[in-house]
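Input: a single structure, listed below in structure tokens.
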Amino acid sequence: MENYDLIIIGGGPSGLSAGLYAARRNLKVLILSETLGGQMALAPSVENYPGTEPMPGLKLAEKMKKQAEKFGCEFKLSKVVSLDLKNEVKKIKTPEKEYSAKTIIIATGSHYRKLEAEGEDKFIGKGVSYCATCDIPLFKGKKVAIIGGSDTAVRSAIYASEIASKIYLIHRRDQLRAEEASQEQLKKTSVKIIWNSVVEKIEGDKFVNKIIIKNVNMNEKTELAVDGVFIEVGEVPTTEIVKAAGVEVNEKNFIKVDDKFQTNISGVFAAGDVTGSFAQIVTAAAEGAEAATNAYLFLRGGFYGEKKPTDYGEKK
Ligand SMILES: Cc1cc2nc3c(=O)[nH]c(=O)nc-3n(C[C@H](O)[C@H](O)[C@H](O)COP(=O)(O)OP(=O)(O)OC[C@H]3O[C@@H](n4cnc5c(N)ncnc54)[C@H](O)[C@@H]3O)c2cc1C
């Protein structure tokens, strides 16, 4: 069994940033990940990661990996199939091998819930998006539909109203689930709400140019000309394996962490989208950095002990 100070599960921006911070602390660190870059790798162009030119998400992931490896972080493409977190030294199993580590960071991310509408997959990145914060700026002066009734969907519609020319908010019920304050804000915009309706089909040529919606009460179908469809119907965190190992999650299945990004299990940390934070590359990377720093302090006994974690400086 190979032993490490820290094993990070997940090679998205959160895991890669954690790997960089841990390796620069001189920890023996390994990232185990099914894919390189996670959701970030699906972004055709990342325009909002500070200090970088717009580039494909996969390219940004390759740069992050290279930077972490430069400081000694190891990276293996593999799926973690089970965890044993009961003892001080944790065990991590992949189909090929078993590993052990004194600390773990779970950075397994999440995925956006799909509508399962016809044409949805065909137009991902060609008008269909699951992230208004990421992609609304690409729709300046255009017509967009936001799908959903949650607070995220309403806030996306408000944001879109400052950038797009025509915004439809399409919701399958007759009232929104969003917070009162967001609904009040929405009333001040030009967003047109289409109630009791679902998207049946997304159509276009190279890019989306229309959607077919169905009123669920009247069973009536309507065509709506739009350039973009923002699907905001929720996120599903990747937590099955860690839940089975005793890691606590909240009612939406996101991992519960304290202000040190530690889970309910001592020495087990979580960072990025899997904690239910603002799903962006910059925040995932920031959480990874903090979790890795706290894992380091935990290993050095300066965390939650008599000694307070006052030293956040690099290892002398
Ligand atoms: C199409 C698209 C475009 C986006 N565009 C932008 C953008 O322009 N700007 C922006 O800031 N954000 C963007 N986002 C959001 C951003 O990509 C995510 O918020 C970010 O990637 C979350 O990082 P993470 O490391 O927490 O998780 P993820 O990126 O989801 O990475 C999780 C990793 O864990 C791995 N994993 C999961 N389970 C296991 C397991 N059992 N064993 C091993 N590995 C496992 C996965 O393979 C994956 O590599 C976009 C998202 C999408 C889908």
Side-chain angles (χ1 to χ4, degrees), residues 7-20 30-62 64-65 68 75-83 92-97 99 104-114 120-121 123-138 152 229-232 235-245 247 254-255 257 261 269-292:
I7 288 185
I8 298 160
I9 308 169
S14 182
L16 292 168
S17 157
L20 169 67
L30 168 69
I31 300 175
L32 290 169
S33 187
E34 260 187 292
T35 64
L36 169 61
Q39 290 191 77
M40 173 172 68
L42 306 176
S45 176
V46 177
E47 296 188 336
N48 57 359
Y49 192 71
T52 58
E53 293 298 317
M55 68 176 89
L58 183 58
K59 191 169 172 200
L60 185 55
E62 281 162 356
M64 288 184 183
K65 176 173 173 271
F75 185 97
K76 280 199 178 82
L77 273 183
S78 190
K79 182 183 169 88
V80 173
V81 289
S82 70
L83 293 165
I92 299 108
K93 236 187 206 168
T94 67
E96 306 83 32
K97 225 169 169 174
Y99 301 89
I104 294 198
I105 296 177
I106 304 153
T108 47
S110 64
H111 56 271
Y112 295 109
R113 190 169 278 131
K114 286 190 167 182
E120 180 175 355
D121 285 346
F123 291 106
I124 291 176
K126 295 169 189 155
V128 169
S129 168
Y130 298 86
C131 178
T133 309
C134 313
D135 296 335
I136 283 281
L138 308 173
T152 310
V229 185
F230 287 85
I231 299 167
E232 299 280 0
E235 260 183 87
V236 185
T238 312
T239 48
E240 294 79 13
I241 291 167
V242 294
K243 272 197 307 192
V247 174
F254 290 103
I255 296 178
V257 287
F261 293 95
F269 298 80
D273 283 11
V274 78
T275 67
S277 51
F278 184 44
Q280 288 289 280
I281 297 166
V282 70
T283 38
E287 287 195 7
E290 242 188 292

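The structure displayed is predicted, hence computed values, not measured ones. In what follows, residues are counted from 1 in the order of the sequence shown. Indexing begins at 1, ligand by ligand and atom by atom, following the structure's order.
Contact annotation: for Ile124 versus ligand 1, there are no heavy atoms closer than 4.0 Å. Within the 4.0 Å heavy-atom criterion, the part of Asn48 lying near ligand 1 is the side chain and not the backbone. The residue Pro44 has no part lying near ligand 1, judged by heavy-atom distances below 4.0 Å.
Closest to atom 27 (O) of ligand 1, if we only count protein heavy atoms, is Gly109 CA, 3.3 Å. In this structure, the protein non-hydrogen atom closest to atom 51 (C) of ligand 1 is Tyr112 CE1, 3.9 Å. Looking only at heavy atoms of the protein, atom 1 (C) of ligand 1 is closest to Leu42 O, 3.8 Å. Counting only heavy atoms of the protein, atom 42 (N) of ligand 1 lies nearest to Val80 N, 2.8 Å. Shortest contact from atom 29 (O) of ligand 1 to any protein heavy atom: Gln39 N, 2.9 Å. Among protein heavy atoms, atom 18 (C) of ligand 1 sits closest to Asp273 OD2, 3.4 Å. Among all protein heavy atoms, the one lying closest to atom 25 (O) of ligand 1 is Ser14 N, 3.0 Å. Of all protein heavy atoms, the one closest to atom 8 (O) of ligand 1 is Cys134 CB, 3.6 Å.
Summarising the geometry, atom CD1 belonging to Ile255 is positioned 11.0 Å from atom OG belonging to Ser277; distances are rounded to the nearest 0.5 Å.
In this structure, the side chain to side chain contact (heavy atoms under 4.5 Å, CB included) partners of Gln39, at least two apart in sequence or on a different chain, are Ser110, Tyr112, Asp273. Applying the side chain to side chain contact (heavy atoms under 4.5 Å, CB included) test to Glu53 and every residue at least two apart in sequence or in another chain returns nothing.
When atom types are taken as modelled, the side chain of Thr108 and the backbone of Thr238 share a donor-acceptor pair closer than 3.5 angstrom. Without hydrogens or angle criteria, Glu232 side chain to Ala132 main chain gives a donor-acceptor distance under 3.5 Å.
Distances between N or O atoms of Glu34 and those of ligand 1 include at least one value under 3.5 Å.
Using modelled atom types and a 3.5 Å distance limit, the side chains of Thr133 and Gln280 yield no donor-acceptor pair.
With Val247 as reference, Val242 is the one residue of Val242, Ile241, Val274, Val257 to meet the side-chain contact (heavy atoms from CB on, under 4.5 Å) rule.
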